[in-house]
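Just below is one structure, and these are the notes that go with it.
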Amino acid sequence: MKINSSRLQSYFEAMSKIGKIGETGTCRPAHTALEKQGFEIASAWMEEAGMSTRIDNFGNLIGRLEGKNPNLPILMMGSHLDSQPYGGRFDGVAGVLCAIEVVRTLNENGIIPERPIEVISFADEEGWRFNKGLFGSRGILGKLEDGELQRKDQDGITREQALKDFGCDITKFKESEYKPGSIFCFLELHIEQGPILDVAQRPIGVVSGISGPLWWTVNLKGMAGHAGSVPMSMRRDAMMGAAEIIIALNEIATQVPGNPTVGTVGTLNVFPASRNIIAEEVTMTVDLRDIDLDRRNRYEQQLRDKIESITKKHNLTYSISEDTKSDPRYCADWIKEIIHSECEKLKLEAPELMSGPFHDALILSYVCDYGMIFIRSKDGISHNPLEYSSYEDLALGANVLLGTVMQVLKK
């Protein structure tokens, strides 16, 4: 039994047209009309696969294939259909579309699972629109934080308003939460988004675990002044502080060559942003990740110490807002063994590797066992229109997922 590779390819080609930018890019923001369009065609494919569909109050699209025993905890699969603002065609999309194809293959072969299967496209995994990701997966587990609905996007639209516009009822979040013990396990297929499989010339990888992300928003305040008349020794230049913090983060993350630690400053907002005014205020994002929690905690403290000393040096004040902080989470050994076994059946040599990017599986890992399958990314490129995984590799991954689901259903 195998998936229909040409049908799977048609899914990708159709989805790539929604929010298309340039020749191969995608911009499909969370909780928008474009994401709703994506949900509409994905929902149609889910229904063709024998699933009932719904959009819950967090903005998740959910397809359900009923099992012989509907009271058993569900086998959940999925990923997300929202994209980065300058994204590619495969990030998140692969996990949703391959899961739909797996369920359709089961249904076409007359297989009625013992337990229900649900395929989910989680809302706002990416997190760029409201600077807080994994919204839908955290929502169904009751893990949202105070103030999240008041977060605004760059156009001043709050998450609350975006959800209402999407058709969600924020007063009924509890109705969309999953009860403890109701999820048996979670499987997520995803493109690697890195170069390891491509360099090794291996189409499929088995994920060992997900690095724990730490996201901050750092605000620095100094004093604006004329760029031509304030002596260098008298300046309170917030941009100088930001520059030194960026360098410090890079030095901290690379202090032990070969470690998988990564540190990134991805955005800088400068006020008043004039070429001949000394920057009075800089707001910047910090992203620090590691698979080793003790090491990440040490590096976090090192960065805090550097920010303290740098701001004192430039006579700045600062604040640090912690947007996300998750521990590294490891995949279940029994699921990894099944995935390895299914790869062997297909004569695939699948290396084991960690995930630097976070995924919805990170959140699900707190309530159930999880496993992940990685698909080779050409040149390791992601979050970029050049992101590419071949349809042949995606079909292989979908077949590995199909075999994995068959084995998990026996548990």
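- Taking the six-membered ring for Trp and thresholds of 30 and 60 degrees, His190 and His80 have ring planes inclined between 30 and 60 degrees apart.
- Side-chain atoms of Ser121 never come within 3.5 Å of backbone atoms of Val96 as a donor-acceptor pair (strictly under, hydrogens ignored).
- A salt bridge is defined here as a Lys NZ or Arg NE, NH1 or NH2 lying under 4.0 Å from an Asp or Glu carboxylate O, and Lys164 with Glu160 meets this definition.
- Note that CD of Glu35 is 9.0 Å distant from OG of Ser83, once rounded to the nearest 0.5 Å.
- A salt bridge does not link Glu280 to Lys221: none of the charged side-chain nitrogens sits closer than 4.0 Å to a carboxylate oxygen.
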**Report entry** Stepwise salt bridge (Lys or Arg N to Asp or Glu O under 4.0 Å) check, Glu300 with Lys325
**Finding:** CA-CA 11 Å; Glu300 176 187 354; Lys325 188 173 187 177; 3.2 Å; yes
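- Taking CD from Glu118 and CG from Asn60, the interatomic distance works out to 10.5 Å, rounded to the nearest 0.5 Å.
- A distance of 4.5 Å separates CG of Leu8 from SG of Cys98, quoted to the nearest 0.5 Å.
- Both tests hold for Arg159 against Phe135: distance to the six-membered ring centre under 6.0 Å, angle to the ring axis within 45°.
- Interatomic distance, OG1 of Thr26 versus NE2 of His383, reported as 11.5 Å (0.5 Å rounding).
- Phe166 carries Lys36 over the face of its six-membered ring, with the cationic atom under 6.0 Å from the centre and within 45° of the normal.
- Pro73 places none of its side-chain heavy atoms less than 4.5 Å from the side chain of Ser182.
- No donor-acceptor pair under 3.5 Å is formed between the side chain of Glu387 and the backbone N or O of Asn384.
- Each of Glu13, Arg7, Gln9, Met15 was checked for a side chain to side chain contact (heavy atoms under 4.5 Å, CB included) with Tyr11, and the lone residue meeting it is Arg7.
- Atom CD1 of Ile112 is surrounded by 12 or fewer heavy atoms from other residues, nucleotides or ligands within 6.0 Å.
- Taking 4.0 Å as the cut-off between side-chain N and carboxylate O, Arg138 and Glu148 count as a salt-bridged pair.
- Geometric assessment of Lys143 against the ring of Tyr366 yields a positive cation-pi assignment under the 6.0 Å and 45° thresholds.
- Judged by distance alone, with hydrogens and angles left aside, the side-chain atoms of Glu101 form a donor-acceptor pair with the main-chain N or O of Asn4 at under 3.5 Å.
- Between His359 and Phe374, the angle of the ring planes goes over 60°, which puts this pair in the perpendicular group of the 30/60° scheme.
- Across every non-hydrogen atom of Ile277 and Ala224, the tightest pair is CG2-CB, 3.8 Å.
- A cation-pi arrangement, defined by a distance under 6.0 Å to the six-membered ring centre and an angle within 45 degrees of its axis, is present between Arg115 and Phe184.
- Taking CG of Leu214 as the reference point, atom CG of Leu288 lies at 5.5 Å (rounded to 0.5 Å).
- Using a cut-off of 4.0 Å between Lys/Arg side-chain N and Asp/Glu carboxylate O, Glu308 and Arg304 are scored as not salt-bridged.
- Between Leu61 and Ile120, every side-chain heavy-atom pair lies at or beyond the 4.5 Å cut-off.
- Comment: Lys313 engages Glu244 in a salt bridge, judged by a side-chain N to carboxylate O separation of less than 4.0 angstrom.
- In terms of heavy atoms, Met46 sits closest to Thr53 at CB-CG2, 3.6 Å.
- Here the side chain of Arg129 pairs a donor or acceptor atom with the backbone of Ala30 at under 3.5 angstrom.
- The main-chain N or O of Ala332 is never found under 3.5 Å from a side-chain atom of Asp369 such that the two would form a donor-acceptor pair.
- We find that Lys179 and Glu177 are not joined by a salt bridge, their nearest charged nitrogen and carboxylate oxygen being 4.0 Å or further apart.
- Put simply, the side chain of Ile246 does not reach to within 4.5 Å of the side chain of Asn250, judged on heavy atoms.
- Of the possible polar contacts, one joining the Arg235 side chain to the Ala227 backbone as a donor-acceptor pair under 3.5 Å is found.
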Report task. Starting from the C-alpha separation in whole Å, work towards a yes-or-no answer on side chain to side chain donor-acceptor pair (under 3.5 Å) for Thr171 and Asp169. Result -> CA-CA 5 Å; Thr171 69; Asp169 188 340; 2.5 Å; yes
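- Between Met284 and Asn269 the shortest side-chain heavy-atom distance does not fall below 4.5 Å.
- In this structure the side chain of Leu189 never reaches within 4.5 angstrom of the side chain of Met372, judged on heavy atoms.
- A donor-acceptor pair is defined here as one N or O able to donate and one able to accept, closer than 3.5 Å; no such pair exists between the side chain of Arg64 and the backbone of Ile117.
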Report task. Could you go through the side chain to side chain donor-acceptor pair (under 3.5 Å) check for Asn57 and Ser176 one step at a time? Result -> CA-CA 6 Å; Asn57 290 307; Ser176 295; 3.3 Å; yes
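- Within the 4.5 Å cutoff, the side chain of Ile170 has no heavy atoms near those of the Phe58 side chain.
- Between Tyr86 and Trp128, the distance separating the two ring centers is not shorter than 6.0 angstrom.
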Report task. Check the pair Arg289, Asp287 against salt bridge (Lys or Arg N to Asp or Glu O under 4.0 Å), reporting the backbone distance first and the verdict last. Result -> CA-CA 7 Å; Arg289 308 187 196 203; Asp287 182 326; 2.8 Å; yes
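- The 12-atom threshold is not exceeded at NZ of Lys378, counting heavy atoms of other residues, nucleotides or ligands nearer than 6.0 Å.
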Report task. Test side chain to side chain donor-acceptor pair (under 3.5 Å) on Asp165 and His31 and set out the steps. Result -> CA-CA 8 Å; Asp165 293 345; His31 312 325; over 6 Å; no
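- Considering only heavy atoms from C-beta on, Met354 comes within 4.5 Å of Pro260 through its side chain.
- Relative to the ring axis of Tyr370, Arg329 does not place its NZ or CZ within 45° and under 6.0 Å from the centre.
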Report task. Could you walk me through whether Asn219 and Tyr318 pass side chain to side chain contact (heavy atoms under 4.5 Å, CB included), step by step? Result -> CA-CA 5 Å; Asn219 180 264; Tyr318 75 93; over 6 Å; no
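- Considering every non-hydrogen atom in both Ala162 and Phe130, the closest pair reads CB-CZ, 3.9 Å.
- Expressed to the nearest 0.5 Å, how far CZ of Phe122 lies from CG of Leu134 amounts to 9.5 Å.
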Query - Steps toward side chain to side chain donor-acceptor pair (under 3.5 Å) verdict (Asp360, Ser137) - result: CA-CA 6 Å; Asp360 291 300; Ser137 48; 2.8 Å; yes
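- Judged by distance alone, with hydrogens and angles left aside, the side-chain atoms of Thr24 form a donor-acceptor pair with the main-chain N or O of Pro385 at under 3.5 Å.
- In this structure the side chain of Thr404 reaches within 4.5 angstrom of the side chain of Leu187, judged on heavy atoms.
- Remark: Glu349 engages Arg202 in a salt bridge, criterion side-chain N to carboxylate O under 4.0 Å.
- In this structure, Lys411 places its NZ atom where only 12 or fewer heavy-atom neighbours from other residues, nucleotides or ligands lie under 6.0 Å away.
- For the pair Asp292 (side chain) and Asp294 (backbone), a donor-acceptor distance under 3.5 Å is present.
- Of all non-hydrogen atoms in Ile373 and Gly397, the two that sit nearest each other are CD1-O, 4.4 Å.
- Of all heavy-atom pairs between Ala253 and Thr261, the closest is O-CB, 3.7 Å.
- Ion pairing between Arg376 and Asp393 holds under the 4.0 Å rule for side-chain N and carboxylate O.
- Put simply, the side chain of Ser382 never gets that close to the backbone of Gln193: no donor and acceptor are under 3.5 Å apart.
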